[in-house]
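One structure is given below, encoded as C-alpha cells.
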Amino acid sequence: MTEIIQEKALRELIDSLIRDGKTVAGPVAGSGGTTNHRYFYRKVESVDELLLSPPAMPMNSIKEFVFPRREVLYTFKYSGKEIELTDAPEFSDEQFLFGVRPCDAAANAVLDPLFAWDFDDRFFQSRRNKTTVVTFACKNVDAHCFCTSLGFGPEDSTGADAMLLDLGDDEYEVRTFTEKGKALFAGKTQPSEKTGHAASVPEKKFDIDAVVEYLQNHFDDPIWSETSLRCVGCGACTYVCPTCHCFDIIEEGNATAGARVKTWDTCQFALFTHHASGHNPRTHQSQRQRNRIQHKFRIYKDKFGLVLCTGCGNCTRECSVSLGVQPVLQYIAEKALAATK
C-alpha cells in the first residue's frame with residue numbers, strides 16, 4: 001500500500017506554506033522562461049513559479065539554502081576604546097524545498113559529518129534542522145549524470161525528508177522518510193495500490209572503488225597534468241557543486257563598525273593557497289586539479305567514509321570547456337583497469 005497526492009492538493013499545500021510566510025523554494029525558469037532551458041533553485045513567491053520537474057537539471061544546487069554564499073558570523077562596533085561584539089542570530093525560519101533532485105538532496109547528508117566534525121557549525125546545523133527537503137524522482141537524465149556510479153540513484157532517499165514520484169494523470173506517489181516529511185504530508189494523502197518509479201536511470205560509467213584505490217598510490221602522476229590542460233581555473237565547477245564547501249572568512253565594514261563574514265571560496269583559484277610569505281604550494285592548475293579529486297574521492301572518504309560527490313554532473317554540465325569531475329574519473333578508471341592487465 002502506498003500514499004498518493006493529487007497535484008491540486010499538492011499545490012494547495014505549497015500555497016498554504018507561502019501564505020503562512022514560510023520560505024518555499026524549488027526549480028524555477030531563468031530569464032526568458034522555459035524556452036532557454038536554464039533553471040535554478042530559487043525562493044518562490046507563488047506556487048505558479050515552481051517547476052516540480054523541469055526539463056533540465058537546475059544550474060545551481062540547494063547547498064546555498066543550508067550553506068549560503070555569504071553569511072554573517074558576528075558584527076563589531078567600536079565605541080571609544082571599547083569593542084562591542086554581537087553574534088549573528090541563529091537561523092530560526094522554516095524553509096521547504098520542493099522538486100529537489102535526489103543527487104542534490106544526498107549532498108546535504110554527505111556534508112553533515114563535516115559540519116559536526118571537530119566543531120559544531122551552528123549556522124549550517126540550524127539551517128539543516130529547519131529545512132524540509134522534498135525530492136522528485138528523476139524523469140530525465142543526460143550524459144553528465146553519473147549518480148549510479150557512486151552508489152546513488154534517481155529514487156535514492158539519502159538526505160530527503162520525502163519524495164514525489166510521478167504517476168501520471170496529475171497524481172504523485174508520496175514516500176516519507178523522516179518526521180519532518182511525515183508532518184508535512186500528514187492528512188494530505190490517500191492510500192493507493194499505485195506505485196511510481198524514476199523514468200530513467202543513468203548507466204554506471206566507472207568503478208568508483210577502482211578509482212579510489214588508484215588515487216591511494218598515484219599522488220604524483222601524469223594524469224593531473226593531462227586532465228587539467230584545458231582547465232582555465234575559473235572555479236565554476238565548485239560553485240555549482242552541491243558538496244564543495246571551501247569558504248573564506250573576511251571582515252566587511254570601516255574603522256568604526258563592520259561584520260565578520262563567511263563567503264564561498266574555491267580551491268581552483270590560484271590565490272586559494274597563496275601564503276602571506278608569498279609562497280604558494282599549488283602554483284599550477286594540475287596541482288589544484290589533483291587536490292580537488294584527491295580530496296573528494298580519497299581524503300574525505302578516509303575521514304568520513306563517504307565520497308564528496310553525488311554524481312549530479314553539474315561540474316561538467318556548466319564547465320566552459322566540458323571538463324568537470326566525470327571525465328577525470330573515467331580517465332582514472334581506464335588507467336586503473338590498464339594497470340591490472
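The analysis underlying the following values was restricted to heavy atoms, covering all of them including side chains, and did not include hydrogens, waters or symmetry mates.
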For Tyr39, the option from Asn60, Leu51, Val28 that meets side chain to side chain contact (heavy atoms under 4.5 Å, CB included):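 Output: one option passes, namely Leu51.
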
Can you see which heavy atom on [X] is nearest to which on [Y], and at what distance?
X	Y	answer
Ala160	Ala105	N-CB, 4.3 Å
Cys312	Met57	CB-CE, 3.8 Å
Gly181	Ala162	CA-CB, 4.3 Å

Arg290 NZ/CZ over Phe219 ring centroid, <6.0 Å and within 45° of normal: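 Relative to the ring axis of Phe219, which defines the angle, Arg290 lies inside both limits.
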
Ring-face cation of Lys205 near Phe146 (centre distance under 6.0 Å, axis angle within 45°):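 Negative - Lys205 is either too far from the ring of Phe146 or too far off its axis.
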
Any pair counted as salt bridge (Lys or Arg N to Asp or Glu O under 4.0 Å), so long as it reaches residues 227-238, sequence neighbours left out: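 Non-adjacent pairs meeting salt bridge (Lys or Arg N to Asp or Glu O under 4.0 Å): zero.
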
Steps toward side chain to side chain contact (heavy atoms under 4.5 Å, CB included) verdict (Ser126, Glu90): CA-CA 7 Å; Ser126 61; Glu90 187 168 310; 3.6 Å; yes

Asp20 atom CG, over 12 foreign heavy atoms within 6.0 Å: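 Check passes, neighbour count above 12.
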
More than 12 heavy atoms from other groups under 6.0 Å of CD on Glu226: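 Yes.
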
Sub-6.0 Å ring centroid separation between Phe98 and Phe136: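 No, too far apart.
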
Near-ring test Phe65/Tyr41, centroid separation under 6.0 angstrom: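 When the ring centroids of Tyr41 and Phe65 are compared, they turn out to be at least 6.0 Å apart.
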
Geometric class of the Phe269/Tyr239 ring pair [parallel <30°, tilted 30-60°, perpendicular >60°]: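 Taking Phe269 first and then Tyr239, their aromatic rings sit tilted (interplane angle of 30° to 60°).
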
Polar contact flag, side-chain donor to acceptor under 3.5 angstrom, [X]-[Y]:
X	Y	answer
Thr23	Asp93	no
Thr238	Thr266	yes
Gln190	Gln6	no
Lys296	Thr243	yes

Using residues 73-84 as the side-chain source, report each donor-acceptor pair under 3.5 Å to any protein atom, sequence neighbours left out, with the distance given to one decimal.
none

Glu171/Lys194 salt bridge by N-O under 4.0 Å criterion: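 A salt bridge is present here (some side-chain N lies under 4.0 Å from a carboxylate O).
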
